[in-house]
Structures are given as C-alpha cells and as structure tokens.
Amino acid sequence: MALKFKNSLTGVKEEFTPIQQGKVRLYTCGPTVYNFAHIGNFRAYVFEDLLRRYLKYKGYELTQVMNLTDIDDKTIRDSQAEGISLDAFTQRYKDAFFEDLDTLRIERAEEYPAATDHIPEMVEMIKTLKEKGFAYEVDGNYYYRIDKFDDYGKLANLDRDGMKAGARVASDEYEKDSVSDFALWKAWDEKDGDVYWETELGKGRPGWHIECSAMSMKYLGEHFDIHTGGVDNMFPHHENEIAQSEACTGHKFVNYWLHCEYLIVEGRKMSKSLGNFYTLRDILDKGYSGLAVRYLLLATHYRQQLNFSLKGLDAASAALERYNDFVTNLGEFEGGESDGSAAGVIDKALAGFEEALDDDLNISGALGVVFDFIRDINRLRTEGTLSSAERDKALETIEKFDTVLGFAQEQEQLDDKVEQMIAQRTEAKKNKDFATADRIRDELTAMGIILEDTPQGVRWKRKV
RNA sequence: GGCGCCAUAGCCAAGUGGUAAGGCAGGGGUCUGCAAAACCCUUAUUCCCCGGUUCGAAUCCGGGUGGCGCCUCCA
C-alpha cells in the first residue's frame, strides 16, 4: 500500500511521490526562540517527528530542516527588556528548545539553521524579487507586492476580494502600497537598538517570512517535497513563503503541505488568562514524564484538534506502562511450545501498522493495532504457547514499531539505597515477615519504584 | 461578510456505505502471602437532532443545534 498525505495545497489525500526516488526533503517550521516552548508548539514538533520517523521506517533517505527564528519583534523586545544582547537572549531559548526535544524523544533534524546566520541569503532573495518587480522599497523598508503574484491565496484558499472584507485588516505602521503587502525587510528604527545589519538593502533586519524561503531553498533546493507547520502558519506565513519563493524561482516551491491542528486544553484554547497555559517544563514540574507528554501529543491524529488534559496525561502514563511492561515481560519469557499462531499475529500487526500510517499517518489506528498485538502476544505468553524463536520475532516487531513510536523506556541503574531496600524486603518475605515486606514495598512505591514478584524473583520498574 | 474544521461510551480516540478498533477508568474472575503484572469475561442495539437517498447510513445528501479555527507576522 502506498503512503498518502492530505495535502493542504489541494485539499485532498494524495499518494506521496518524492521528487527524487527514495529521498525526501522536508522543511518543518521551527520555533521563535523568545521563551520556553509550550505544549501546543510541541504538538507540531511531535507530529513532525512522527512524519520523520515514519518516512525513515518506509526506507526513505531523509533530509529534514527546521529553522530557528532568532530575530523578530518579540526577540528584540524581550532581550532589550532584560538588557542583554539578542544573541545571549536567544541562545538561552535555543538551548532550552533542544533540551525539550530530548525530553520528548524528538529526533534531531539534519539542519537547524538560524535566521541570523542567513542574512546574506535573504538579502539576495529580496534583491531578486525587486529586480523581478515583486518587491518595492519605501523609506528603506521592502515589501512584497501580492497583486503581482497571481496565485496568491492558493494555499489558504483565500481570494483577494474576500480579504478586503477581512475582519482584521489594520493599517500598518509603515507606508505600503496595499495593506495586504507584507514586509520583506524592515528599515532600522530606534526601537531596534543595536539589532541591525548593514546590507545592500540598507540598515535594518529581515521580515519573518523571508527566512523560511531563503533557508529552505538553501538546504533543500528550489523545489522540495514536504513542508509542514501548524494550521495557524498556513496563512499568512506559508502563503507568503510560496509567493516569495515561486516569484523568485519562477517554478513550484513545495509539492506537499501538511498542517497540524491546534491543541486545546480542557476544551478551551490555551491562554494565560484562562490559567491553562503550559510549557513542557510546567508539566514536568507536576511530576509527569516527558514520555507521557509524548504519548498524549502523538496519539491523536495530526489533523484533529487535540484535547490536552492532566487526566489525559494519567491515561497516557498508564498506556505507556502497559506498553513497556509488555516488552519487559516478553524479554524475560523463556519460551514455550509453539501452537503456530504467532506468525499470523505478527504478520497481521505489521501489515495493520503500516496500513494505518500509510493512510495520512493515522496514528490512532496504528496504536490500536499495536495494542491488539500486545494483547495477542501476551495471551500466547500466558498460555505458554509461544516458542523462544517466536518470542524473538515478537520482540523484533515491537522494536520495529518503536522506531516510529519512541515509547520504549531505557533501563536505568538503581541507586544503592533502593537496592538495599529491595534486598531487605526479599529477606523479610523469605522469613514470612509480610508486614515488614509490605512496609518497604509501600515506601518504594512512594519513591516511584514499583515492585513485582515474578516466578523468577522480584522485579522493579519506575513509575512512568 | 468570506473560507474551513469538529460533534462516536465516564474520559481520550479510530472507523467515512455492510452491521461500533484501541487506550484509560469501572465491575466480575484466574494467578498471588497480599499486591503488581498478565490473561479471561463485562461496560455504546448505537455514533448531537430532524428529514431524505439506499436492501443497508456513524459513514452520502438537505436542514437544524452546539463548539472551534483562519481572514496579514500565534505550532
């Protein structure tokens, strides 16, 4: 079965065909590094991680680029408020961003270009746009003339007549020929302080949209396969990227556009005034694991609004525990007498998993298949009708799934104190001193260590 | 005013014409010193409402109701 994506550009599901056979070039809109990213931001990055991992699962050679927006109104404003340099300010949030990616087990992209490292590329592009008549200058500011680009609005499905009646068409602080034209380059102004570049365009800084056009084309070429982001980036950001890039090159920019839906919190849009605004760090502080957040963000289809709640995190933790207990239990199983059914279970799971994900990354369907697989193999294990060879096949299968899911917990070392407590409990149990044994077990539970007595002896695991 | 999305069990969430996946939570059982884990049974005669098409609709069409998003720098 073939991989299909719902393409925002056409509005329909399309079979995915890369430009170069076997290779995928992917651009994923990244963060503006002016604060810690919130869980809504990470919903998009987790979705992109799923896309990335599944493309690799399918055998594609992948080049993923994610930009870091380290120059815009907010980074300037907030760095000045703190009285530190723009670089020092954004570096802090770049570092935090990468830490958060690790917490969520998001695989690294091949490139993370920062906007401030690509000013010359942007300047070149703006010059080309000016030469071709798509850009004009007013007092050192450069704007894109959208009337010149016939296809403007094709991604967001907006027509310019409809836009005239728009609810939020406010007059800009700069003088533009049309209110809809957007800034490519902003002339320096006192508020910018020491943030500016002296270029052929004059003293100033780039607009927001131009960085993604310039950097994506630098690393992926003028025409590449997939571009993703949140639905809120569809307009104006991605629409403007298309306008800039295609005006510049004269040909198609991107084949497939994928947009992930919003995350809402307890049924409402996440906002500071409602008190339901969470960064990843806020969630971790409440004692939830990064893995639980990953599960919750991943488990809902990307084009569906995701309802984030603390109750949902509890459910996610429990589901992860089932998943990881499965792997542990299976790994420790010695093997029994095969009844011949394992091969069918495994084949069905592999086929179902791919069929679901091939269908526009239907992760919920895929997880359904994974948990069916877990139950089926657990049953064979419990009944002793799984051979050691079949056990190994089943382990390979879940490991294969995990290259996409990233749910497996790594084993960690126990500290000496905990190890001693476990030994004491085992001793007490041997002496039938169950009161002491249970007391120690309760203490460990309070420390987040769960004990399980198995035929092979006591086993521990950390609460997810 | 324009464009678009959504409504499935207590919660989360697949399924888009063939008779309701999966996870969590709940109930009963097996196992266990007790637990935990695991397994078995169980929890929506029904998919927001009203019409229509069809042998057959959660799925298609029409009309409501409710919620949400975008319409110039928010993933």
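Residue numbers begin at 1 in each chain, while the letters A, B, ... track the order of the sequences. Computed from a predicted structure; not experimentally measured.
A close approach under 4.0 Å does not occur between any side-chain nitrogen or oxygen of A:Arg425 and OP1 or OP2 of B:A35. Of the side-chain N and O atoms in A:Arg375, none sit less than 4.0 angstrom from OP1 or OP2 of B:C39. Taking 4.0 angstrom as the limit, A:Asn329 places none of its side-chain polar atoms (N or O) nearer than this to OP1 or OP2 of B:A38. Dashed line: the shortest gap from a side-chain N or O of A:Gln304 to OP1 or OP2 of B:A14 is under 4.0 Å. Close to B:C39, at under 4.0 Å from its OP1 or OP2, lies a side-chain N or O of A:Asn378. Regarding contacts with the backbone of B:C40, a side-chain N or O of A:Arg379 is found under 4.0 angstrom from either OP1 or OP2. A close approach under 4.0 Å does occur between a side-chain nitrogen or oxygen of A:Arg322 and OP1 or OP2 of B:A38. One finds a side-chain N or O of A:Asn362 lying less than 4.0 angstrom from the OP1 or OP2 phosphate oxygen of B:G15.
Remark: ring of A:Phe434 stacked against base of B:G33; centroid gap under 5.5 Å, plane tilt under 30°.
For B:A35, the base has a donor-acceptor partner in the side chain of A:Arg441 [N/O atoms by modelled type, under 3.5 angstrom]. Looking at A:Arg381, its side chain has no donor and acceptor atom pair within 3.5 Å of the base of B:C39. For A:Asp438 against B:G33, a side-chain N or O and a base N or O form a donor-acceptor pair under 3.5 Å. Contact annotation: side chain of A:Lys74 to base of B:C74, donor-acceptor pair absent below 3.5 Å.
Within 6.0 Å of NZ on A:Lys393 lie no more than 12 heavy atoms contributed by other residues, nucleotides or ligands.
In terms of heavy-atom proximity, A:Ala156 sits nearest to A:Glu239 at N-OE1, 2.8 Å.
For the pairing with A:Arg459, the side chain to side chain donor-acceptor pair (under 3.5 Å) check across A:Asp325, A:Asn329, A:Thr454, A:Thr328 returns one residue only, A:Asn329.
Ring-centre distance between A:Phe36 and A:Tyr93: below the 6.0 Å cut-off. The six-membered or imidazole ring of A:Tyr112 lies near that of A:Phe98, with a centre-to-centre distance under 6.0 Å.
Whole-Å rounding puts the A:Lys311 NZ to B:G10 C1' distance at 6 Å. The distance between atom CD1 of A:Ile264 and atom C1' of B:C5, rounded to the nearest whole Å, is 12 Å. Remark: C1' of B:C74 and CZ of A:Arg77 are 12 Å apart, rounded to the nearest angstrom. Atom pair A:Asp453:CG and B:C31:P shows a separation of 17 Å (rounding to whole Å applied). The interatomic distance linking A:Phe326 (CZ) with B:A37 (C1') rounds to 13 Å, in whole Å.
Distance from the side chain of A:Ala183 is smallest to B:C73 among B:C74, B:C73, B:G22. Checked against B:A21, B:G69, B:U72, the side chain of A:Asn240 finds its nearest nucleotide in B:U72. Checking B:A37, B:A14, B:C70 against the side-chain heavy atoms of A:Phe235 singles out B:C70 as nearest. Nearest nucleotide to the A:Ala315 side chain, out of B:C24, B:A36, B:U72: B:C24.
Salt-bridge annotation for A:Arg108 and A:Asp102: present, with a side-chain N of the basic residue lying under 4.0 Å from a carboxylate O of the acidic one. The pair A:Arg52-A:Asp49 does not count as a salt bridge, with every side-chain nitrogen at least 4.0 angstrom from each carboxylate oxygen.
Contacts with RNA chain B (heavy atom under 4.0 Å) in residues 27-40 of chain A: A:His38, A:Gly40, listed by number.
Residues A:Phe373 and A:Phe326 are in side-chain contact: their nearest non-hydrogen atoms beyond the backbone lie under 4.5 Å apart. In this structure the side chain of A:Val370 reaches within 4.5 angstrom of the side chain of A:Ile398, judged on heavy atoms.
Contact annotation for A:Leu296: no contact, since no heavy-atom pair falls under 4.0 Å across all strands.
Spacing of C1' atoms, B:U19 relative to B:U8, comes out at 16 Å, to the nearest Å.
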Intra- and interstrand pairs of RNA chain B - dot-bracket, Watson-Crick/G-U under 3.5 Å, | marks other strand: ((((((((.[[[..)..(...]]].(((((.......))))).....[[[[[..)....]]]]])))))))....
